[in-house]
Amino acid sequence: MTTERSCPSSTAEGNVLVYAFQQSAREQLAQTIESLGFSVETAADFTVLLDELNNRRFDLCVIDDDGHLDGETASRIRALNQEAKCLLLVEAQQLADRATIPAIAGEIIETPCSPARLKAAVESGVARSKLLAENRRLRAQLSQQLNAGLIGMGSAMVALRDRVAELAAGDQPILIRGEAGTELAAVARAVHAASRRAHRPFAKIDCSLLTSENLERELFGKETQPDGASTGRLDWAEGGTLLLENIDRASQRLHGALLAAIESAVRGKGPGRKGELDALRVMVAIYDNAERQPETSHFCDKLFALLSATAVTVPPLRERPEDIGLLAESMLDQLAASTGRPSKRLSLNSLHLLREHGWPENVAELRRVLQQASVCGNEPRITAEAIRPWLAAETENQGDETPWLSLREMERRLIETTFARCGGNREQTAQALKIGLRTLSGKLREYGYPPRGGPGSNRRESDRAA
C-alpha cells in the first residue's frame with residue numbers, strides 16, 4: 001500500500017500530509033491546501049498515515065474525520081507527531097462525540113468551513129511546526145557550543161555535562177576540581193554559557209601568577225572612578241561570572257576577603273547590587289595532584305566548606321580512553337584552522353597507541369603530542385610511527401632520572417623537536433640548529449621525512465618571491 005502523492009508546488013511553504021476516508025474528499029482537500037502554496041501528500045488509510053509519520057517529517061497533518069478515527073489510532077498519531085500537531089476537521093453534528101479523542105490536534109474546526117478558515121488554520125499549524133523545529137535546531141546548536149570544551153560520549157563525560165546543566169540552573173559559587181592538564185576553565189565557561197548570565201561578562205584570573213598584593217588589587221581594586229565605583233574584577237564582572245584558578249595558592253588573608261565577597265554576592269547585598277540575579281557568581285578551579293590536595297593545603301576551611309557543596313570533578317583522560325578519538329579529531333581540526341592547512345586524521349594504529357597511553361598530563365598532553373606529530377610530514381593521516389617518538393619523549397621527560405640515549409638518538413630527538421617547534425620550516429630549523437640546510441634535509445630524509453616537502457619548508461622563499 002503506497003502513499004498517494006500530489007504534485008508539489010514549486011513555491012511550497014510547508015509539507016502537509018492529508019487523510020480522508022473518501023477518495024473524493026481526500027483529493028478535494030489536498031487540492032485546496034495545495035492551492036494555498038503547500039506541498040501535499042495524501043494517505044488512503046490510517047496504516048499509511050502512521051507509516052508516513054513514522055518515517056518522514058511533515059509540518060502539518062490534516063485529518064478529515066468522518067467517524068473512523070478511534071482513540072487508539074489518535075494516541076499513536078499523537079506519539080508519532082509530537083511537533084507538527086494535527087489539524088482535525090470534524091462535522092458539526094459529530095463534534096460532541098469526538099471530544100473524547102485525545103488532544104492530537106493543534107486545532108479542531110467544524111466542517112464544512114470556508115476556504116479562508118481552512119487557510120488560516122493550515123498556515124497557523126505549519127508556522128507553529130516550523131517554529132518548534134527552529135527552536136529545536138537552535139537548542140541543538142547552543143548545546144553543541146556549550147559542550148565544545150566537554151567532548152566525549154563516555155559515561156564520565158555524559159555525567160559531567162549533566163552536572164554542568166544542573167549547576168547552570170543555579171547561582172551558587174562552584175568549586176571545579178581536576179588533575180593538571182584537565183580543562184577546568186572549559187567547564188566554567190560551559191556553566192556560564194548555559195546559565196542566565198550568559199550575556200554578562202566572564203572573567204578569569206590565575207591566582208598563581210600574581211603576588212598577594214596584585215591579586216587583591218585585581219579582585220577588589222584600589223583606585224576609584226570619579227563616581228566612586230571600584231575598578232576591581234568583582235565589580236567589573238557584576239552580574240556575570242568570575243573564575244579564579246589556583247585559589248589555594250593565594251594567601252589566607254585573601255581567602256577571608258573572598259569568602260566575605262562570595263557570601264555578599266550570594267545574598268545579593270554587595271555594593272551597587274540590586275539582587276541575586278545581578279550579583280556576581282564566583283567559580284574556583286583547583287588542580288589536584290598527589291603532593292597537593294585542597295584539604296591538606298592552606299585552603300581556607302570556611303571557603304572550602306562553602307564551595308564543596310557545589311563541587312564538580314573533571315575526570316582525568318586516562319579514565320575515559322573511549323573519548324580520545326573524538327578529542328583528537330576536534331584538536332586536529334583546531335590545529336588545521338589555526339595554520340590554514342587541511343585537517344589531518346589519525347590512522348587506526350595511532351588511535352590504538354593513544355588509547356594505551358597513560359596521559360599523566362591529561363588533555364593538555366594530548367594536544368601537545370598531536371601538535372608535534374601533525375607538523376611533520378605531508379601525509380593526510382598521522383601514523384603510529386609519527387606519534388610514538390613524542391609519546392616516548394613525554395614519558396621520559398616525566399621520569400626522575402635522565403634516560404640513557406645514544407649520541408645518534410639525542411641528535412635525532414633534537415632535530416625533530418626543533419623541526420616541530422619551527423612549524424616544519426626547514427630554513428628556520430637549520431638556522432636554529434646552526435647547521436647547513438642540505439645537512440638538515442639529509443638528516444630528515446634519513447628519518448623518513450619527504451624530501452623538501454615538509455610543511456612550510458618553502459615559506460621564506462615564497463615570501464621573497466612575493
Side-chain angles (χ1 to χ4, degrees), residues 136-204 206 240-247 281-289 307-338 343 345-346 351 354-355 357-371:
R136 187 182 70 254
R137 185 189 68 81
L138 292 175
R139 286 196 301 269
Q141 182 179 357
L142 178 61
S143 176
Q144 183 178 7
Q145 293 174 352
L146 298 183
N147 296 324
L150 309 179
I151 299 173
M153 297 302 296
S155 58
M157 290 306 295
V158 172
L160 177 61
R161 287 195 292 268
D162 291 342
R163 180 62 170 157
V164 165
E166 177 185 349
L167 293 173
D171 290 297
Q172 305 91 336
I174 298 175
L175 172 63
I176 307 174
R177 303 177 60 171
E179 296 181 2
T182 53
E183 298 184 320
L184 307 188
V187 175
R189 290 185 180 276
V191 173
H192 173 78
S195 71
R196 55 183 176 178
R197 305 170 182 271
H199 64 289
R200 304 301 293 269
F202 178 90
K204 181 177 70 171
D206 188 343
T241 302
L242 176 63
L243 172 64
L244 300 175
E245 293 184 303
N246 296 303
I247 187 61
R281 186 178 198 180
V282 176
M283 300 185 192
V284 171
I286 300 176
Y287 293 94
D288 302 335
N289 54 48
L307 297 172
S308 296
T310 52
V312 54
T313 301
V314 181
L317 187 56
R318 65 178 177 276
E319 294 182 1
R320 51 190 188 101
E322 67 277 6
D323 295 334
I324 289 180
L326 290 175
L327 273 171
E329 182 177 345
S330 175
M331 291 177 183
L332 290 173
D333 287 341
Q334 294 173 10
L335 289 172
S338 64
S343 181
R345 288 293 177 260
L346 295 173
L351 180 57
L354 293 178
R355 286 177 174 172
H357 188 60
W359 303 113
E361 295 185 25
N362 294 291
V363 177
E365 182 183 357
L366 175 62
R367 180 178 288 106
R368 186 166 60 247
V369 168
L370 292 176
Q371 184 175 16

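Shortest non-hydrogen contact noted between Y287 and T182 is CE2-O, 3.5 Å. Closest non-hydrogen pair, E245 versus A185, comes out as OE2-CB, 4.1 Å. For the residue pair V187 and V164, the shortest heavy atom distance occurs at CG1-CG2, 4.0 Å. Taking each heavy atom of P360 and H357 in turn, the nearest pair found is CD-NE2, 4.1 Å. Of all heavy-atom pairs between S343 and D333, the closest is OG-OD1, 2.7 Å. Considering every non-hydrogen atom in both R281 and I174, the closest pair reads NH2-CD1, 3.2 Å.
One distance of note links CZ of R345 with CG of L351; it measures 12.0 Å at 0.5 Å rounding. Here CE of M153 is found 7.5 Å from CG of L326. Values are rounded to the nearest 0.5 Å. Once rounded to the nearest 0.5 Å, the distance linking OG1 of T313 with CG of L175 reads 7.5 Å. In this structure, CG on L327 lies 10.5 Å from CG on L354, to the nearest 0.5 angstrom. In this structure, the separation between CD on E183 and CZ on R189 is 11.0 Å, given to the nearest 0.5 Å. E179 CD to L184 CG: the interatomic distance, rounded to the nearest 0.5 Å, is 10.5 Å.
The backbone N or O of A311 lies less than 3.5 Å from a partner atom in the side chain of R163, making a donor-acceptor pair. A donor-acceptor distance shorter than 3.5 angstrom exists from the side chain of T310 to the backbone of P173, with no hydrogens or angles considered. Between the side chain of R161 and the backbone N or O of L150 there is at least one donor-acceptor pair closer than 3.5 Å. Looking only at distances, no side-chain donor or acceptor of R177 sits under 3.5 Å from a matching main-chain atom of V314. Proximity of a side-chain donor or acceptor of N246 to a complementary backbone N or O of A285 within less than 3.5 Å is not detected. With hydrogens and angles ignored, the 3.5 Å screen pairs a side-chain donor or acceptor of H192 with a backbone N or O of R200.
Taking the side chain to side chain contact (heavy atoms under 4.5 Å, CB included) definition, one finds that E319 meets it with P315, P316, sequence neighbours left out. Residues that satisfy the side chain to side chain contact (heavy atoms under 4.5 Å, CB included) test with Q371, not counting sequence neighbours, are L335.
With a 4.5 Å cut-off on side-chain heavy atoms, L167 and Q172 do not count as touching. Between L346 and L332, the closest side-chain pair of non-hydrogen atoms falls below 4.5 Å. The shortest distance between side-chain heavy atoms of E329 and I151 does not fall below 4.5 Å.
With salt bridges taken as basic N to acidic carboxylate O contacts below 4.0 Å, none links E365 and R368.
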